[in-house]
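Here's the structure, in structure tokens; my notes come after.
Quick caveat: nothing in here was measured; it's all calculated off a predicted structure. When reading the values below, keep in mind they use all heavy atoms of this one structure, side chains included, and skip hydrogens, waters and symmetry mates.
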Amino acid sequence: MIAGLLEGPAYDPAAQTISVLAADGAAGSWVMTGALVALGACHLLTAWGLRAAALAGRVALGGGGVSAFVVALFPAPSSGGSLHHGSVAAVGFTLLAVWPVLAADRGGAPPWGLRPAPSIMATALMCVGAAWFLIEMQGHGAIGVAERVVTSLQSLWPFLVVASCLRHPDQDESVT
């Protein structure tokens, strides 16, 4: 919101992506760059500390964190698209969408956030959101709304998983 306010009335959060706010020359690019770096660090720290999750999921979550760093290092240009930026963002979106399913524990009684059913549901919701984003991108519609829904889900799910691990009876082994 701060970066959008700094950008002024020319920025339409419903129709424009957050990459516009982080673009070279954008008034609030420093805010968005800081937010992307912070988000990447949170994903990496969560992946490192979430011992209860399957290794493949932790690697995917960590990869999503690294993608956030790379997106911050290679912002979108002030006009037009960027293959590098778009590719890294797509990889990050994909890794963050599949990490819940990859992290799910299929044995015993794992914490709620690492059970197969909620993990599959989280991944499905993120994939539906990503499909919505692509549809809006092609139709030049509410791209910003779709992107914010997906990124909100992708940012909220790790928090919910950690919270479920902390509430789990074996909490000492779930999160380091």
Side-chain angles (χ1 to χ4, degrees), residues 13-14 16-19 22 32 35-72 74 76 83-139 141-171 173-176:
Q16 293 176 292
T17 66
I18 58 175
S19 293
M32 288 308 304
L36 288 167
V37 168
L39 179 66
C42 287
H43 286 325
L44 282 170
L45 288 171
T46 303
W48 174 72
L50 194 59
R51 305 277 189 236
L55 180 61
R58 294 174 65 202
V59 169
L61 179 59
V66 170
S67 294
F69 286 136
V70 176
V71 164
F74 298 104
L83 182 60
H84 290 96
H85 179 82
S87 299
V88 171
V91 167
F93 268 86
T94 302
L95 289 170
L96 292 172
V98 300
W99 93 265
V101 154
L102 295 175
D105 185 349
R106 286 150 183 82
W112 174 86
L114 293 172
R115 293 181 184 161
S119 298
I120 290 167
M121 182 65 75
T123 291
L125 282 172
M126 290 178 211
C127 289
V128 166
W132 175 32
F133 174 73
L134 291 173
I135 290 167
E136 295 296 338
M137 217 164 133
Q138 296 302 316
I143 301 166
V145 174
E147 180 188 45
R148 281 164 180 79
V149 167
V150 175
T151 56
S152 293
L153 289 170
Q154 290 178 337
S155 297
L156 180 62
W157 188 251
F159 173 78
L160 293 175
V161 171
V162 168
S164 77
C165 288
L166 292 173
R167 294 184 47 86
H168 194 263
D170 296 331
Q171 65 185 352
E173 298 172 13
S174 297
V175 180
T176 301

Output yes when a side-chain donor or acceptor of [X] lies under 3.5 Å from a complementary backbone atom of [Y], and no otherwise.
{"X": "Thr123", "Y": "Ile120", "value": "no"}
{"X": "Gln154", "Y": "Phe93", "value": "yes"}
{"X": "Arg148", "Y": "Gly144", "value": "yes"}
{"X": "Ser119", "Y": "Val101", "value": "no"}
{"X": "Glu136", "Y": "Ala142", "value": "yes"}
{"X": "Arg115", "Y": "Pro110", "value": "yes"}

How long is the gap from [atom1] on [X] to [atom2] on [Y], to the nearest 0.5 Å?
{"X": "Leu156", "Y": "Leu125", "atom1": "CG", "atom2": "CG", "result": "11.0 Å"}
{"X": "Leu36", "Y": "Ser67", "atom1": "CG", "atom2": "OG", "result": "11.0 Å"}
{"X": "Ser155", "Y": "Leu160", "atom1": "OG", "atom2": "CG", "result": "11.0 Å"}

Nearest heavy atoms of [X] and [Y], plus distance in Å:
{"X": "Trp99", "Y": "Ala60", "answer": "CB-CB, 3.7 Å"}
{"X": "Ala52", "Y": "Cys165", "answer": "CB-SG, 4.1 Å"}
{"X": "Cys127", "Y": "Ala97", "answer": "SG-CB, 4.4 Å"}
{"X": "Glu147", "Y": "Ile18", "answer": "OE1-N, 2.7 Å"}
{"X": "Leu50", "Y": "Arg58", "answer": "O-CD, 3.1 Å"}
{"X": "Leu114", "Y": "Ala53", "answer": "CD1-N, 3.7 Å"}

- Query: Could you go step by step and tell me if Leu44 and Phe69 meet the side chain to side chain contact (heavy atoms under 4.5 Å, CB included) rule?
  - Reply: CA-CA 10 Å; Leu44 282 170; Phe69 286 136; 3.1 Å; yes

Side-chain heavy-atom pair [X], [Y] within 4.5 angstrom cut-off:
{"X": "Met126", "Y": "Pro100", "value": "yes"}
{"X": "Trp157", "Y": "Pro118", "value": "yes"}
{"X": "His43", "Y": "Pro158", "value": "yes"}
{"X": "Trp132", "Y": "Val145", "value": "yes"}

- Message: Using side chain to side chain contact (heavy atoms under 4.5 Å, CB included), reason through Val88 and Phe74 one step at a time and then give a plain yes or no.
- Response: CA-CA 9 Å; Val88 171; Phe74 298 104; 5.7 Å; no

- Residues forming a side chain to side chain contact (heavy atoms under 4.5 Å, CB included) with Thr94, sequence neighbours excluded: none

- What's the verdict on side chain to side chain contact (heavy atoms under 4.5 Å, CB included) for Leu95 and Leu61, showing C-alpha distance, side-chain angles and the deciding distance? CA-CA 6 Å; Leu95 289 170; Leu61 179 59; over 6 Å; no

